[in-house]
Amino acid sequence: MKNQVVKLLSQALEQLAADDVVPREGVPAPVVERARETRHGDYACNIAMVLAKIARARPRELAEKLVAALPQNQLVEKVEVAGPGFINFYLRRDAYHQLVPQAIEQGYEFGRSGIGQGRRIQVEFVSANPTGPLHVGHGRGAAYGAVVADLLEAVGFSVHREYYVNDAGRQMDILAASVWLRYLELCDQEIVFPSNGYKGDYIWDIAATLHREHGEAYLHPAAELFQDIPVDEPAGGDKERHIDALIARSKLLLGDNRYRYVFELALNVILDDIRDDLELFGVNYEEWYSERSLTESGAVNKAIERLRNLDHVYQKSGALWFRSTAFGDEKDRVVVRENGQHTYFAADIAYHMDKLERGFERVIDVWGADHHGYVPRVKAALQAMGDDPTRLDVLLVQFANLYRGGEKVQMSTRSGSFVTLRELRKEVGRDAARFFYVMRKCEQHLDFDLDLAKSSSSDNPVYYVQYAHARICSVLRQASEKGIGMEPSAGVENLDRLTEEHEQALFTALSRYGELVESSAINKEPHQLCQYLRELANDFHTYYNAHQFLVEDENLRDARIKLVLAVKQVLRNGLNLLGVSAPESM
RNA sequence: GCGCCCGUAGCUCAGUGGAUUAGAGUACCGCCCUCCGAAGGCGGUGGUCACAGGUUCGAGUCCUGUCGGGCGCGCCA
């Protein structure tokens, strides 16, 4: 409906341009907003005030001329010029009535649109290192990325969801070494576990699997392993040097094949766990993209070569540097280390280059806000390559703090006392977790109140919205028990009987849904949808409280059932986009 | 120190490409169950939009600065 109003205004503007009332060039597209108050009609436009200066006319006079130039339309009841020059549109009631049969007939499709025109867009999210289970911080990125992807799909983009698997690099070596050390402990070797190793219980589990399936085939005396290794931090040494030496020794003692086996075992166990975890969280991907494949296919070297050919790299103190400062970064960055290994950043350059080469028109990365310093260098790399860095959109998700009993839950990765996503899901359930995670805009810190998320009360927004849906289902059950025809009449007949204030509010709410999905998607702001669903649920509960639906008057009853069916469909669709279920009863 | 993000009611937050009188929820106070789910609803109290300038016909919204909070500034990932 909004788009139609915009169209009318655009036509009027063209007319005025033809009449030389406004210039032909430099006229912005009219912005139509929903009127905040009902007495200002349904939609309002400020274009007359915006144009006043360039058209050298008084805003009100310009507004009057625009109104006079508006084409006839069956949607619009009347148009008024108000205040300093707003053009207020009052729509005919039956324009709203159409929405009810539309929602019921279109079902799942209602509110979706094609504005994306099938353009290909990639959303990469979570991409946590497979060195341990996902924790609650990853959960927010998972929920947010998944909803943004679904929203974009809902407005007609062709969405490709991707998880970048960091299955190469030093962290993975530390993981493999950690597993092997635990394994040696299971073989009764005396080990002082490195302070920089992975200490979680899941490491023991993987080591136990290795031990169970291969006995002592991977056993080497601890003395051999620790001989001449630089001391660890607690002993006054450097923890990084200590663990790097342990990794090198592990590779030497185990040999390529056995080391590879331990490495792969650890990677696969953890990756399977992450996959499973995300799936249970309702988060699915089109592709799991391996970092290692970039190295193996030569893509990383290719990227570095490309930079070299373009003269964007230089050699300094044994390392190869990318001159990112030439593209707005704070300092230059190393791509190949002194030891000949490429950096994570080098792989990331190759990865992003690959994304654009795969033909995605736009690429979205969802990162934790702690990585924000990384954005300029990735964009710099794309620009250096001759790509358009604005095709990449990095969305930074702030941390989530958990609260239990009004107290902040202390979390620390170091001590291993973090809460896993799995635990969170178990505690509050998938629905509440998904909803709470996207309830705030992503750049806002999130206070996640565990008690609230679990509570069965109207204070809990998820509960409140789901309850509205369940309540409608309950009404419909009542209707069928009373033998009232469950098939409401098709079309818009009887809907003109719905003249109550609460009913008008629901019509308005229904008409907003499509606009809302669109704006949530375009702005990548799922919280708008959360907010809307709360309002819709509130409008419904208010209505429910004020009026009986299953009344004697058949026509009125038919109309009310239809309206409520439409509301039910919108609640369902909205919750579905958020990855939250719409229960029939609770 | 530099960079990015945030600062709206006691608390948690909305406030869309700038606009007509700043909104929810919670908390607090007061009402409402012979009635489709009271797991609910209705009403009320509560705000110099951190502060100071600037742009504009108009600023919570845009610009600059200050203050407060978070995060980042590795040949880590």
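None of these values were measured; they are calculated from a predicted model. The sequence lines fix the lettering, A, B, ..., with proteins before strands; numbering per chain opens at 1.
The phosphate of rC75(B) (OP1 or OP2) has no side-chain N or O of Thr343(A) nearer than 4.0 angstrom. Contact annotation: Tyr374(A) does not reach the phosphate of rC76(B) (side-chain N/O to OP1 or OP2, under 4.0 Å). At the phosphate of rC75(B), neither OP1 nor OP2 sits under 4.0 Å from any side-chain N or O atom of Ser317(A). When the side-chain nitrogen and oxygen atoms of Arg337(A) are compared with OP1 and OP2 of rC76(B), one or more of them lie within a distance under 4.0 Å.
Across all strands shown, rU12(B) is found opposite rA24(B) as a Watson-Crick or G-U wobble partner, with both distances under 3.5 Å. Nucleotide rC62(B) forms a pair with rG54(B), judged by Watson-Crick or G-U wobble geometry with both contacts under 3.5 Å. Base pairing of rC76(B): no nucleotide in any strand meets the Watson-Crick or G-U wobble criterion (both distances under 3.5 Å). With a cut-off of 3.5 Å on both Watson-Crick or G-U wobble distances, the partner of rU48(B) is given as none. rU34(B) is unpaired under the criterion used here, namely a Watson-Crick or G-U wobble arrangement in which both key atom distances are under 3.5 Å. The base-pairing partner of rG68(B), taking Watson-Crick or G-U wobble contacts with both distances under 3.5 Å, is rC6(B). With both pairing distances under 3.5 Å, rG17(B) is matched to nothing as a Watson-Crick or G-U wobble pair. The partner of rG43(B), taking Watson-Crick or G-U wobble pairs whose two distances both stay under 3.5 Å, is rC29(B).
Within the 3.5 Å criterion, the main-chain N or O of Ser581(A) finds a donor-acceptor partner in the side chain of Gln466(A). Side-chain atoms of His242(A) come within 3.5 Å of backbone N or O of Pro230(A) as a donor-acceptor pair. Side chain of Arg337(A) to backbone of Val335(A): no donor-acceptor contact under 3.5 angstrom is found.
Using a 4.0 Å heavy-atom distance criterion, Ser585(A) is classed as a base contact. Looking at heavy-atom distances under 4.0 Å, Arg34(A) makes no contact with the nucleic acid at all. Residue Met586(A) is classed as a base contact, given a heavy-atom separation below 4.0 Å to a base. Residue-level contact check: Ala44(A) touches the bases, meaning some heavy atom is under 4.0 Å from a base atom. His342(A) comes within 4.0 angstrom of nothing in the nucleic acid, heavy atoms only. Base engagement by Glu338(A) is indicated by at least one non-hydrogen atom pair under 4.0 Å involving a base atom. When heavy atoms are screened at a 4.0 angstrom cut-off, Met172(A) is found touching no nucleic acid atom at all. As judged by a 4.0 angstrom heavy-atom cut-off over every strand, Asn523(A) is placed among residues making no nucleic acid contact.
Proximity of the aromatic rings of Tyr351(A) and Tyr164(A) is defined here by a centroid distance below 6.0 angstrom, and this criterion is met. Taking the ring centroids of Tyr314(A) and Phe322(A), they lie at or beyond the 6.0 Å cut-off. A distance below 6.0 Å separates the ring centres of Tyr464(A) and His541(A). Taking the centre of each ring, Tyr437(A) and Phe448(A) come in below the 6.0 Å mark. Aromatic pair His312(A)/Phe327(A): ring centres closer than 6.0 Å.
Contacts of Tyr374(A) classified as ring pair (Phe, Tyr, Trp, His ring centres under 6.0 Å), with partners at least two apart in sequence or in another chain: Phe345(A), Trp367(A).
The Gln548(A) side chain lies nearest to rC35(B) when the options are rG41(B), rA27(B), rC35(B). Comparing rA77(B), rC36(B), rA38(B) by their nearest atom to the side chain of His371(A) picks out rA77(B). Comparing rG41(B), rA19(B), rC36(B) by their nearest atom to the side chain of Glu33(A) picks out rA19(B). Taking every side-chain heavy atom of Phe399(A) into account, rC71(B) is the closest of rA27(B), rA14(B), rC71(B). Considering only the side chain of Arg440(A), rU12(B) comes nearest among rG40(B), rA19(B), rU12(B). Closest to the side chain of Asn46(A), from the set rA19(B), rG40(B), rC13(B), is rA19(B). The listed nucleotides are rG15(B), rC75(B), rG40(B); the one nearest the side chain of His527(A) is rG15(B). Closest to the Ser457(A) side chain, of the nucleotides rG40(B), rC75(B), rC36(B), is rG40(B).
Across the C1' atoms, rA59(B) and rC42(B) are found 35 Å apart, a figure rounded to whole Å. Remark: the separation of the P atoms in rU66(B) and rG23(B) is 33 Å, to the nearest Å. Distance noted for atom C1' between rG68(B) and rU8(B): 15 Å (whole Å). Between the C1' atoms of rC67(B) and rC31(B), the separation comes to 45 Å (whole Å). The P atoms of rC28(B) and rG7(B) are separated by 27 Å, rounded to the nearest whole Å. A distance of about 50 Å separates the C1' atoms of rA19(B) and rC76(B), rounded to the whole Å. Distance noted for atom P between rC49(B) and rG60(B): 8 Å (whole Å). Between rC57(B) and rU16(B), the two P atoms lie 23 Å apart (nearest whole Å).
Look at rC6(B): its glycosidic torsion is beyond 90° from 0, and that puts it in the anti range.
Atom P of nucleotide rG23(B) and atom CD of Glu535(A) are separated by 13 Å, given to the nearest angstrom. Put simply, NE2 on His541(A) is 18 Å from C1' on rC35(B), counting in whole angstrom units. Computed from coordinates, the Gln466(A) CD to rG40(B) C1' distance equals 16 Å when rounded to whole Å. The nearest whole Å value for the distance from the CG atom in Asn196(A) to the C1' atom in rG74(B) is 14 Å. Atom CZ of Phe89(A) is separated from atom C1' of rU20(B) by 16 Å (rounded to the nearest Å). The CG-P distance, from Asp329(A) to rG72(B), rounds to 17 Å in whole Å. In this structure, Gln341(A) places its CD atom 16 Å from C1' of rG74(B), rounding to the nearest Å. Nucleotide rC36(B) holds its P atom 15 Å from the CG atom of Leu476(A), rounded to whole Å.
A stacked arrangement is assigned to Phe86(A) and the six-membered base ring of rU20(B), with a centre-to-centre distance below 5.5 Å and an interplanar angle below 30°.
Shortest non-hydrogen contact noted between Ile247(A) and Arg170(A) is CD1-O, 4.5 Å. Considering all non-hydrogen atoms of both residues, Glu584(A) and Cys473(A) come closest at O-CB, 3.3 Å. Among all heavy-atom pairs drawn from Ser178(A) and Tyr198(A), the shortest one is OG-N, 3.0 Å.
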Report task. Starting at the 5' end of nucleotides 1-10 of chain B, put B wherever the base has a protein heavy atom under 4.0 Å, S where only the sugar-phosphate does, and a dash everywhere else. Result -> --BBSS----
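Closest-nucleotide positions on RNA chain B for Tyr467(A) and Ala168(A) were compared, and the one nearer the 5' end corresponds to Tyr467(A). Of the two residues near RNA chain B, Thr542(A) and Glu240(A), the one whose nearest nucleotide lies more 5' is Thr542(A).
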